[in-house]
Amino acid sequence: MTASPSPRPATKGKPKLAFRPLPVPQVDVHGFWGDRADAVATRTADILYERCVEARMLEQIDPDRPSPGIVIPFHSPSPDEADRQGAEFTGSTVTTQMFWDSDLGKTIETAAYSLYRRKNPELEKKIDAVIDMYGKLQQEDGYLSSWYQRIQPGKRWTNLRDCHELYCAGHLIEGAVAYYQATGKRKLLDIMCRYADHIASVLGPEPGKKKGYCGHEEIELALVKLARVTGERKYMELAKYFIDQRGQQPHYFDEEARARGADPRAYHFKTYEYSQSHRPVREQDKVVGHAVRAMYLYSGMADIATEYGDDSLRVALDRLWDDLTTKNLYITGGLGPSAHNEGFTSDYDLPNESAYAETCAAVGLVFWASRMLGMGPNARYADMMERALYNGSISGLSLDGSLFFYENPLESRGRHNRWKWHRCPCCPPNVGRMVASIGSYFYSLADDALAVHLYGDSTARFDIAGTPVSLTQASRYPWDGAVEITVDPQAPVEFTLHLRIPAWSSSAMLQINGEVVDLEDMTSDGYAAIRRNWKKGDRVRLDLEMPIERLYANPEVRQDAGRVALSRGPLIYCVEASDNDSRLHRLTLPRTADIEAHEAPGLLGGVVTLSATARADAGDGWQDGLYRREPPASVETRLTAIPYFAWDNREPGEMLVWLRDG
Ligand SMILES: [Zn+2]
């Protein structure tokens, strides 16, 4: 393995203070995230590959094997739709998918990041073989899509609206960039550069090219990564074109439908809000449609806003951020309540038991929030990134890294359990690649500043003003809010260290080399800015008070009326059947209850539980019927809550986030 090359600037005119995430290999994580990254490196990465093989993905991409034929794509929900796409309706039987390339791309990416943590020559060999298949599959002109080459030949570039053609390219690009960085092997990167060049020859603003863009965003943020790693500005320009062209009139998806003899009004999802192409992106002010698509679009917009210093995009992104976080986000950082469109419905509609809250959507929110931090440290984004990271995204991965959730409800009667795989397996490799690359979400670097967004045991290495610096955090976060930072520059160097002061912390104390400093004076946008000439062994200590909080929802959220949720630090808690005697819906947490935190090192890999004396509705005297004049008697009981991310890692049982508030 070779070390990752530092990303090179690809654009002119980027804002001077642009912050870039530190590349994955420059951050070692231990503690909480180290455990999760180990689970991915030792189990998930191999499991993803094996499941892809079992799902017969390699048969679709390997030109040396017979084409697996056609079955209905998962995202074509009706026989009519299948017919329109020339596919055969076979119910739920799936042996090919239009988006297999994306799952392989994310699997390659997860494997790549995992190689930094643990050498895995067997897996590397298998990934090399997959890359060889893609090399063979790629056409002379650079085109590469297993679906269009093997399953629907002759139809390329005819249905960008529905068929994930550019989405697949995007995930393979991300996989290629990560694999190149981790192994130094360029083969997939070269393949994807050729394909990106081909895409730019077909689509774009120039006369004679199609004015298209993808129905499922992803290519935008992937091209930004490709531009950064290759230093090729043309890929950044193509990403910018996709952002700028989206939703422009005449609408490309209308024209494209007519060109293939279809009626644009027959679109299954009825509105282009589904793919956030109902309006040009700078005019959008509501988060709408498919939640994962929305998060990927906003991520790409944030990248372009940073790279081009584009304030018109930044303004639109801030409107969308407000709309999401003040009206459409679960307390877990999950989003997109509806299975129908895998996305948003109406403001304050946040059902708990039927919450779709796809793992990929919370992962996508982490992507978006981290990119907003490219424009400078701001706890408005980082606090939410932390919320989604510690709760609604990693809930999608079992503690041992082997089982997955697609939906992440906030209430379960015990029948929502983790699965080994899914016919649309987008979530497992998405949470896998996020966890395996977690170090790059901790820190971002500008010309003369380093921002610390996340806390936890870790070491970061970076160069600032030409001086190599190592920065070590010692902390038991998220179980304890004390963070000890040691800065070790090779030679004294001046820069600003930005430290996030999370909004959940009721009070914080900062010491520099043992001296308490006034935080208020130095804090803006939720970050303390420490500018000094750093010398070897300089120490910064941050003590974040981590109170147990009761959280209430806006009264417009009908599903949470009269209910309370518990949090401590970045973690949202839930109650599970395993720790509680009563059926969970019978529990009431009195407002006067004294809630205690307990270390439970032997539970769920080591967590802090919350417990309190609560009340439970008694079942006595209800044997005869359903209704009566007297309310149920109330008995005292002990309530114990665990972190939400760790639920459903024991025997199946009920789970509840929003408790009755008494
Ligand atoms: Zn997913």
Side-chain angles (χ1 to χ4, degrees), residues 40 44-45 47-49 51-52 55 57 73-77 92 94 97-110 162-164 167-168 170-172 174-175 214-219 221-222 269 274-276 287 289-300 329-330 332-344 354-368 388-389 391-398 401-410 416-437 645 648:
V40 170
T44 318
I47 285 170
L48 293 176
Y49 174 82
R51 299 279 187 275
C52 288
M57 291 187 195
F74 176 68
H75 283 298
S76 303
S92 60
V94 173
Q97 291 279 26
M98 61 175 72
F99 46 78
W100 275 168
D101 292 336
S102 74
D103 297 307
L104 285 165
K106 281 184 279 186
T107 296
I108 292 169
E109 197 181 343
T110 307
D162 300 328
C163 291
H164 298 61
Y167 166 82
C168 285
H171 276 303
L172 283 172
E174 286 199 272
C214 197
H216 195 319
E217 303 90 327
E218 153 65 22
I219 186 82
L221 68 89
F269 288 101
Y274 177 68
S275 56
Q276 300 80 36
V287 292
H290 188 281
V292 180
R293 296 176 198 228
M295 294 306 108
Y296 286 8
L297 168 64
Y298 309 151
S299 298
L329 189 66
Y330 284 103
T332 53
L335 54 148
S338 167
H340 166 70
N341 64 346
E342 300 189 285
F344 300 102
S354 65
Y356 197 69
E358 185 180 339
T359 301
C360 285
V363 169
L365 174 56
V366 173
F367 293 164
W368 179 21
L389 259 176
N391 301 284
S393 64
I394 54 164
S395 54
L397 182 65
S398 66
S402 69
L403 298 171
F404 311 97
F405 275 147
Y406 194 104
E407 301 100 339
N408 293 275
L410 285 77
H416 184 77
N417 307 118
R418 298 174 184 279
W419 35 264
K420 281 177 69 178
W421 201 237
H422 198 275
R423 64 181 181 158
C424 173
C426 50
C427 299
N430 226 351
V431 69
R433 67 187 178 132
M434 184 195 78
V435 170
S437 59
F645 75 80
D648 200 47

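Keep in mind that the numbers below use all heavy atoms, side chains included, and drop hydrogens, waters and symmetry copies. First listed ligand is number 1; within each ligand, the first listed atom is number 1.
Note that CD1 of Ile394 and OG1 of Thr359 are 11.0 Å apart. Values are rounded to the nearest 0.5 Å.
You'll find the side chain of His290 reaches within 4.5 Å of the side chain of His216, heavy atoms only.
The distance between the ring centers of Tyr356 and Tyr406 falls below 6.0 angstrom.
Of all heavy-atom pairs spanning Ser393 and Ala388, the tightest one is OG-O, 2.8 Å.
Panel detail: the Zn ion (ligand 1) has protein N, O or S atoms under 2.8 Å away, 4 in number.
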Show your reasoning for whether side chain to side chain contact (heavy atoms under 4.5 Å, CB included) applies to Phe404 and Arg418.
CA-CA 5 Å; Phe404 311 97; Arg418 298 174 184 279; 6.0 Å; no

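Applying the salt bridge (charged side-chain N to carboxylate O under 4.0 Å, His left out) test to residues at least two apart or on different chains, the pairs with a partner in residues 100-110 are Glu109-Lys225, Glu109-Arg433.
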